[in-house]
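As the structure is a computational prediction, the values presented were derived from the model and not from experiment. Convention: sequence-line order gives letters A, B, ...; per-chain numbering from 1. Quick note: numbers below take in every heavy atom, side chains included, and nothing from hydrogens, waters or symmetry partners.
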Amino acid sequence: MKKNLFMLLSALAILSLALAACATPAPVAPTAMPAKAFRIGLVTDVGKVDDKSFNQSAWEGAQCGAKETGGTTKYIETTDPKDYDKNIAQFGDEGYDVIVTVGFALGEATIKNAAKYTKAKFIGVDQFQEKPTAGVGGLIFPEDEAGFQAGVVAAMMSKTGQIGAVLGTDVVPPVWRFGEGYRAGAVWAKKDTKVNIVYHNDVGFDKTFTDPEWGKTTALSMIDKGADVIFGAGGKTGNGALLGVAQSGKALAIGVDTDQYLTVPEAKAVLLTSAMKLIVPGTCDMIKAVKAGTFKDGNIVGKVGLAPYHDTESKVTAEAKAKLDEAMKGMAAGTLKTNVAPAKP
Amino acid sequence: MTSAETSSPSGTASTFWQAITRTVLIPVLAVFTALIINAFIIRISGGDPILAYLGLWEGAFGSPKAISETLVWSTPYIYAGLAVALAFKGGLFNIGAEGQLSFGALVAAWIGFALPKLLGTSLPWIVHLPLALFGGIFAGALWGAIPGWLKARTGGHEVINTIMMNYIAVLITSFLLNGPFKDPNPFNVTARTPSIAESARLTPLIEGFRVHWGTVLALVVAFAVWWFLWKTTLGFEIRTVGANPDAAKYAGINVSRIIVLTMSLAGGLAGMAGAIEVIALNYRQELGFSVGYGFDAIAIALLGRSHPFGVVLAALLFGAMRSGATRMQFLTQIPVDIISVVQALILLLVAAEEIVRFIYRIKAPKETVVLTRGWGG
């Protein structure tokens with residue numbers, strides 16, 4: 001056996017040498033970049049840069065940032081959570097100027113590596129910073145404003161004057177802000193709108209975001225009672241609500257976080273819009289801030305907005321569009337406040 | 001699986017070279033051929049194969065840190081590969097390493113984070129660490145024993161049952177990580193357990209690198225599995241049942257007992273893979289961890305010819321490819337999935353070794369075709 005082993009080892013060694021030999025003549029351009037170039041690295045959460053969700057948006061943001069700053073950008077797709085560290089280090093060791101890490105799960109690894117690679121600035125997409133860390137900017141979003149905009153459109157589009165929202169538990173602050181923002185927006189747009197908001201508080205944390213069945217039946221019962229626009233927010237539970245609306249076909253649905261026209265194709269026909277976190281401009285702006293030297297540690301509040309109407313475009317009235325425009329302008333100017341508490345009191 | 005390398009008497013030179021051909025040459029040529037074919041795939045998809053392989057090599061062995069990361073990736077592959085290989089030796093197809101692994105990780109993590117709270121006291125590491133490790137091993141063994149018992153008792157085929165057990169384990173894990181075991185930190189939104197206590201953690205081997213004692217232990221375990229299979233009576237019985245259960249029964253071996261034992265040991269090894277990942281590397285379990293180790297392990301066992309030392313080498317190869325993939329993607333921006341393509345090609349070429357023999361004009365051995373027990377077995 002010893003001999004066999006030796007043979008295998010030497011064969012492997014020869015193979016690797018051969019490989020290395022083939023490889024040497026190749027120009028090793030990417031590593032020998034001039035030090036002045038502004039370089040942006042992006043590490044995805046487990047998933048791909050074309051996932052139609054956070055990873056993709058952040059990658060588009062990084063590309064935008066590279067374009068705006070005249071820099072270059074590369075990504076590494078994580079295949080296993082244990083590689084978070086290693087993948088970040090890949091960019092850190094190369095002396096990248098900006099490292100974008102996507103998603104809450106990379107929060108710890110990001111903070112850890114920020115201490116190690118002090119030259120780089122870290123952008124943590126959707127990573128709320130409990131306390132500021134030098135070199136780390138957490139890109140977070142005002143969910144209440146996104147909910148507010150959704151509420152405005154919902155109220156304007158409702159024919160019955162009744163709208164609903166099917167949400168995960170309000171113990172999670174972002175969900176609460178989405179829901180209460182929605183209520184505030186609806187009432188601001190049309191004072192006597194009846195807003196029926198149901199949080200999935202009756203189950204544990206394990207179930208509240210992963211209960212599409214409940215989301216669906218709740219949405220259907222709201223439609224039965226006369227609601228004709230339903231906002232679904234809270235992971236699979238929220239997606240279940242969109243599916244419920246699609247099943248009934250008698251109401252319109254509003255999605256959350258990203259453009260759900262792309263992520264829940266079953267609901268395409270009834271999906272009015274989605275209350276989006278605008279990750280692309282958020283990431284892009286933070287990269288520009290690094291280049292300009294105005295980058296700040298701690299939480300950076302990004303922008304939110306509504307997704308395109310897609311198939312329901314023809315149904316959206318000019319009146320509704322005008323009202324939404326007014327709300328967005330008001331919020332941008334700071335004259336219109338949602339008055340939603342950061343978390344459930 | 002095959003038993004050529006074990007049964008061939010080391011006498012004449014020709015049998016020795018035949019053994020070399022079967023055990024070493026074919027896998028090496030399979031790897032080589034797969035890399036060549038894959039180079040064309042990279043080329044066609046618009047990448048630079050030379051730069052890609054250079055990156056793969058650099059990322060896997062280019063620096064002490066790269067070697068450390070390769071070992072980190074190889075470690076669970078060694079344990080899980082052994083889990084499949086040991087079952088192969090006993091004539092059993094253990095598709096369930098994935099589930100056994102995730103269950104082992106789950107129990108090790110629970111012992112790591114919850115037990116001290118449950119007991120209301122912190123444990124000394126000398127108690128806590130082994131408890132977490134053996135808890136994980138035991139959980140994996142239990143998960144392997146069930147399909148083993150079903151096979152021995154009812155004849156239910158282990159392929160079907162281990163696959164089913166995978167679903168059960170993965171879904172239970174998902175439920176627990178989203179629910180009772182979820183990290184209660186209010187800012188946490190991911191399905192993961194809290195961090196395990198310091199007393200349940202295995203320390204890194206070298207300061208500043210992530211390679212840990214679990215890697216050393218993996219080599220020890222590989223040696224132990226070899227010793228067990230070839231130097232003990234029980235190991236002999238396992239191999240005999242694997243080679244021919246009827247003959248084994250005739251020779252007075254309790255086949256049912258051996259089947260359950262083989263599956264328990266295999267499950268224990270897979271459980272150990274999961275437990276080590278938790279106590280030595282991640283310090284917690286989270287969803288998405290270990291996706292596919294158990295399945296890659298089947299390829300590793302095949303490539304390693306179900307021999308413990310072959311498994312170690314195959315695991316190093318797979319670990320190197322997984323680990324080097326980061327650097328490869330960094331340099332070329334081609335999808336990391338290309339690594340899965342190489343692995344699939346290797347598996348294909350090893351399983352259908354006639355292709356390799358045909359390409360390189362290697363004569364097939366004179367001996368009769370290896371008996372692999374099929375679905376009825």
Results of ring pair (Phe, Tyr, Trp, His ring centres under 6.0 Å) for B:Y360 - residues two or more places apart only: none

Worked verdict on A:K119 versus A:D97 for side chain to side chain contact (heavy atoms under 4.5 Å, CB included): CA-CA 7 Å; A:K119 193 181 154 266; A:D97 302 276; 4.2 Å; yes

Contacts of type side chain to side chain contact (heavy atoms under 4.5 Å, CB included), residue B:L281, not counting sequence neighbours: A:K82, B:V72, B:R210, B:H212, B:E277

Atom group of A:Q129 that falls short of 4.5 Å from chain B, counting heavy atoms: neither

B:V350 and B:V31, any side-chain heavy atoms less than 4.5 Å apart: no

Leading residue by heavy atom contact count with chain A [cutoff under 4.5 Å; candidates B:G55, B:G59, B:S323]: B:S323

Best-contacting candidate, B:L177, B:D337, B:L176, against chain A by heavy atom pairs under 4.5 angstrom: B:D337

